[in-house]
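A quick note: this is a predicted structure, and the numbers were derived from the prediction, not measured. When a residue number appears, it is its place in the shown sequence, counting from 1.
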Amino acid sequence: QVQLVESGGGLVQPGGSLRLSCAVSGSIFSLDAMGWYRQSPGQQRELVASITGGGTTNYADSVKGRFTIARDNAKNTMYLQMSGLTPEDTAVYYCNLKHSSRWAQYNAWGQGTQVTVSS
């Protein structure tokens, strides 16, 4: 069983920066990928950034150049560094982890953390 706990959300002014953290606990047999998703009212949940078990990163076009995803294996923590924030970045941000055992694949989610970009 894997648990993800997010932190770092809050209120920030346009153009500001914020760093989200996702603390991972539990046993992971084989890590496939981790990522950050976000969902705003009236919108579907979308993938913002991802990082594979091998360290390959990918970003949504809307955040490319502004957001950076990183993982610190020693601290069992994943980060989303956000800069140049705009009101369109306002959403609940979710941490996601995909992992596998010899029998099945699993998909774990954090509880979400609110990011509000407003003046």
Side-chain angles (χ1 to χ4, degrees):
Q1 298 157 318
V2 175
Q3 291 188 345
L4 309 176
V5 179
E6 302 177 13
S7 62
L11 176 64
V12 63
Q13 293 186 345
S17 299
L18 207 60
R19 187 179 76 164
L20 306 182
S21 299
C22 174
V24 181
S25 62
S27 181
I28 300 173
F29 181 76
S30 180
L31 175 65
D32 296 325
M34 298 185 69
W36 289 95
Y37 291 73
R38 69 184 181 187
Q39 186 170 25
S40 58
Q43 303 291 323
Q44 295 188 21
R45 188 173 299 185
E46 64 172 344
L47 177 63
V48 176
S50 64
I51 181 168
T52 68
T56 301
T57 60
N58 199 13
Y59 299 91
D61 289 340
S62 60
V63 308
K64 194 171 297 182
R66 299 187 298 119
F67 291 11
T68 301
I69 188 170
R71 184 174 64 231
D72 189 335
N73 292 330
K75 296 181 178 179
N76 296 317
T77 303
M78 183 179 67
Y79 305 96
L80 183 66
Q81 301 167 227
M82 305 183 294
S83 63
L85 289 165
T86 75
E88 292 188 342
D89 295 317
T90 296
V92 178
Y93 285 72
Y94 298 90
C95 177
N96 172 261
L97 185 150
K98 294 179 172 63
H99 61 113
S100 303
S101 69
R102 63 184 296 176
W103 298 287
Q105 292 77 50
Y106 304 93
N107 193 14
W109 292 92
Q111 80 286 354
T113 184
Q114 177 71 48
V115 173
T116 301
V117 184
S118 177
S119 60

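No donor-acceptor pair closer than 3.5 Å links the side chain of T56 to the backbone N or O of G54. Checked by atom type and distance alone, the side chain of S83 pairs as donor or acceptor with a backbone atom of R66 at under 3.5 Å. A distance-only check finds a donor-acceptor pair linking the side chain of R71 to the backbone of T52 [under 3.5 Å].
Applying the side chain to side chain donor-acceptor pair (under 3.5 Å) test to pairs two or more places apart or on separate chains, those with a residue in residues 18-32 are D32-S100. Applying the disulfide (SG to SG under 2.5 Å) definition to pairs two or more places apart or across chains, those involving residues 17-89 are C22-C95.
Under the 4.5 Å side-chain contact rule for hydrophobic residues, I51 and L4 share a cluster. L80 is connected to L18 through a chain of hydrophobic side-chain contacts under 4.5 Å among Ile, Leu, Val, Met, Phe, Trp and Tyr, so both are in one cluster. Note: the hydrophobic cluster containing Y94 also contains L47 (ILVMFWY, side chain heavy atoms under 4.5 Å, direct or indirect links). Taken together through direct or relayed side-chain contacts under 4.5 Å among Ile, Leu, Val, Met, Phe, Trp and Tyr, V63 and L85 form part of one hydrophobic cluster. The cluster map of Ile, Leu, Val, Met, Phe, Trp and Tyr, joined by side-chain heavy atoms under 4.5 Å apart, puts V92 and L11 in different clusters.
Counting heavy atoms from C-beta on, the side chains of M34 and V24 come closer than 4.5 Å. The shortest side-chain heavy-atom distance between Y79 and D72 falls under the 4.5 Å cut-off. At least one side-chain heavy atom of W36 sits less than 4.5 Å from a side-chain heavy atom of L20.
I69 and T57 make their closest contact through CG2-CG2, 3.7 Å (heavy atoms, listed as atom of the first residue, atom of the second, distance). Looking at every heavy atom in both residues, T86 comes nearest to V117 through O-CB, 3.2 Å. Minimum interatomic distance between H99 and I28 (heavy atoms only, all atoms of both residues): CB-CG2, 3.7 Å. Across all non-hydrogen atoms, the minimal contact from Q43 to Q39 is O-NE2, 3.2 Å. Between S119 and P14, the shortest heavy-atom distance links the atoms N-CD, 3.7 Å.
For F29, there are no ring pair (Phe, Tyr, Trp, His ring centres under 6.0 Å) partners two or more places apart in sequence or in a different chain. Evaluation of the ring pair (Phe, Tyr, Trp, His ring centres under 6.0 Å) rule for F67 yields no partner, not counting sequence neighbours. Applying the salt bridge (Lys or Arg N to Asp or Glu O under 4.0 Å) rule to E46 yields the partners R38; only residues at least two apart in sequence or on another chain are considered.
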Please tabulate, one pair per line, all N/O donor-acceptor pairs under 3.5 Å involving side-chain atoms of residues 104-115, not counting sequence neighbours.
residue, atom, partner, partner atom, Å
N107, OD1, N96, ND2, 2.4
Q111, OE1, E6, N, 3.3
Q111, NE2, E6, O, 3.0
T113, OG1, G9, N, 3.3
Q114, NE2, A91, O, 3.4
Q114, NE2, T116, OG1, 3.3

